[in-house]
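Have a look at the structure below before the remarks.
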Amino acid sequence: MKAIQAVQFGAPSVLTVADLPDPAPGPGQITIDVTHAAVGLIDVYLRQGLFKGAPGLPQPPYVPGLEVAGTVRALGEGVTGFAVGEKVVSLSSYGAGGYASVFVTDQERVVSTQDYDIDPALAVAAIPNALMAHIALTRAISMSAGESVLIHGALGGLASAFPGIARQLGASRVVGTVRSGKVAAAAASRLHYDTIVDSAQLPDVLGDEKFDVIVDPVGGLLRTQSLDLLAPSGRLLLVGNASGDWDQGIDGNRIWQGNITVTGFNAGGYVPSHPESVESAAQAALKAVAGGLADIEIETLPLADAATAHERLENHATDGRIVLTVCDAC
Ligand SMILES: NC(=O)c1ccc[n+]([C@@H]2O[C@H](COP(=O)([O-])OP(=O)(O)OC[C@H]3O[C@@H](n4cnc5c(N)ncnc54)[C@H](OP(=O)(O)O)[C@@H]3O)[C@@H](O)[C@H]2O)c1
């Protein structure tokens with residue numbers, strides 16, 4: 001198969017094209033003929049070696065990429081409910097292997113898109129994150145219909161999945177924040193925000209408005225500022241740290257005195273220990289994406305340009321998601 005390998009930790013240039021043996025599915029696994037592979041900030045962190053000491057994470061040489069779209073190539077022993085040729089997407093995991101023409105994963109991490117008319121680039125860009133957004137909002141913080149939601153880094157790959165799912169769950173109001181340089185892109189966004197504001201103007205730009213739920217994939221100063229933007233008994237949902245500020249902490253006494261709940265949600269750790277959460281979230285995500293609730297910006301690049309994709313993510317030169325197009329002959 002054609003693949004991109006990270007031959008060592010380091011700059012985007014460590015990503016090189018390779019010809020590797022096709023993987024075969026083990027018991028309970030599925031192989032997928034990949035047409036599209038999503039690129040996320042987590043791929044950048046892993047390539048940089050940010051988590052190189054963490055157990056279970058890939059070591060060079062490895063093929064990056066957590067989420068793919070394509071068709072079922074072969075079924076491992078004991079796999080039921082899927083047919084060869086069926087259109088599918090895979091869910092992100094701690095694993096790797098997505099930047100390749102053939103991908104192998106556990107059956108539990110595969111979602112059929114066969115019954116939906118969803119472009120495969122949109123499918124891989126939006127369905128895994130929409131599914132995670134659904135699990136996070138329903139299970140991690142038990143969002144209720146009628147609640148208001150604030151989403152930081154509103155146009156980012158993961159964040160983009162939240163407004164549509166929040167709408168689907170009956171949010172009364174959905175507001176996003178972006179950095180000053182992204183205000184124009186925010187105005188043109190087709191995502192389901194009531195309004196998107198400049199995070200540099202917080203809190204004044206929101207007047208006295210407070211939120212029942214705040215979704216934070218950004219961290220840093222925005223994270224601590226968020227404590228003042230929560231309504232009574234509000235919940236702050238931490239889902240990432242795109243700011244790269246690993247030192248900003250939250251004062252426990254503020255949480256106590258403000259009756260605030262702070263919850264973390266990390267799909268890679270949550271889904272394996274809660275496999276029962278996937279099925280209903282997958283159905284919700286498929287409906288949301290097919291129904292136009294996750295119309296995110298998508299930039300496509302050929303597989304061989306994976307290093308460019310990483311550079312663009314690192315340089316904050318993109319909104320929504322970058323998707324690599326994959327074919328054996330490319
Ligand atoms: N919880 C999970 O299961 C899960 C799943 C996927 C990803 N993640 C995590 O979520 C985070 C985002 O990943 P992603 O793939 O969505 O990345 P992304 O597409 O690059 O989006 C990151 C967003 O954060 C914004 N941002 C970055 N630094 C900022 C700062 N200092 N102040 C304000 N906004 C800032 C970016 O805005 P600009 O465009 O202006 O830079 C962008 O909108 C990462 O930490 C990733 O590891 C978690």
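Every number for a ligand or one of its atoms is a count from 1 in the order of the listing. Nothing fancy with the numbering, it's 1 onward along the sequence.
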Review point. Taking atom types as modelled and ignoring hydrogens, do the side chains of Ser112 and Glu86 form a donor-acceptor contact shorter than 3.5 angstrom?
Key: yes
Check your understanding: If you count only heavy atoms, which residues are under 4.0 Å from ligand 1?
Key -> Gly40, Leu41, Tyr45, Gly153, Gly156, Gly157, Leu158, Arg179, Lys182, Pro217, Val218, Leu222, Val239, Gly240, Asn241, Ala242, Ser243, Phe265, Asn266, Ala267, Leu313, His316, Gly320
**Study point:** For Ser226, all residues meeting side-chain hydrogen bond (donor to acceptor under 3.5 Å, both in side chains), sequence neighbours excluded
**Key:** His152
Check your understanding: Between Asn259 and Ser233, does any side-chain donor sit less than 3.5 Å from a side-chain acceptor?
Key -> no
**Study point:** Any residue meeting side chain to side chain contact (heavy atoms under 4.5 Å, CB included) with Ala24, in chain and number order, not counting sequence neighbours
**Key:** none
Review point. Without hydrogens or angle criteria, can the side chains of Gln48 and Glu314 be said to hold a donor-acceptor pair below 3.5 Å?
Key: yes
Study note, to complete from the structure: Note: with side-chain heavy atoms under 4.5 Å as the link, the other cluster members for Val218 come out as Leu150, Val175, Val197, Leu202, Val205, Leu206, Phe211, Ile214, Leu222, Leu227, Leu229, Leu230, Leu236, Leu238, Ile250, Ile255, Ile260, Val262
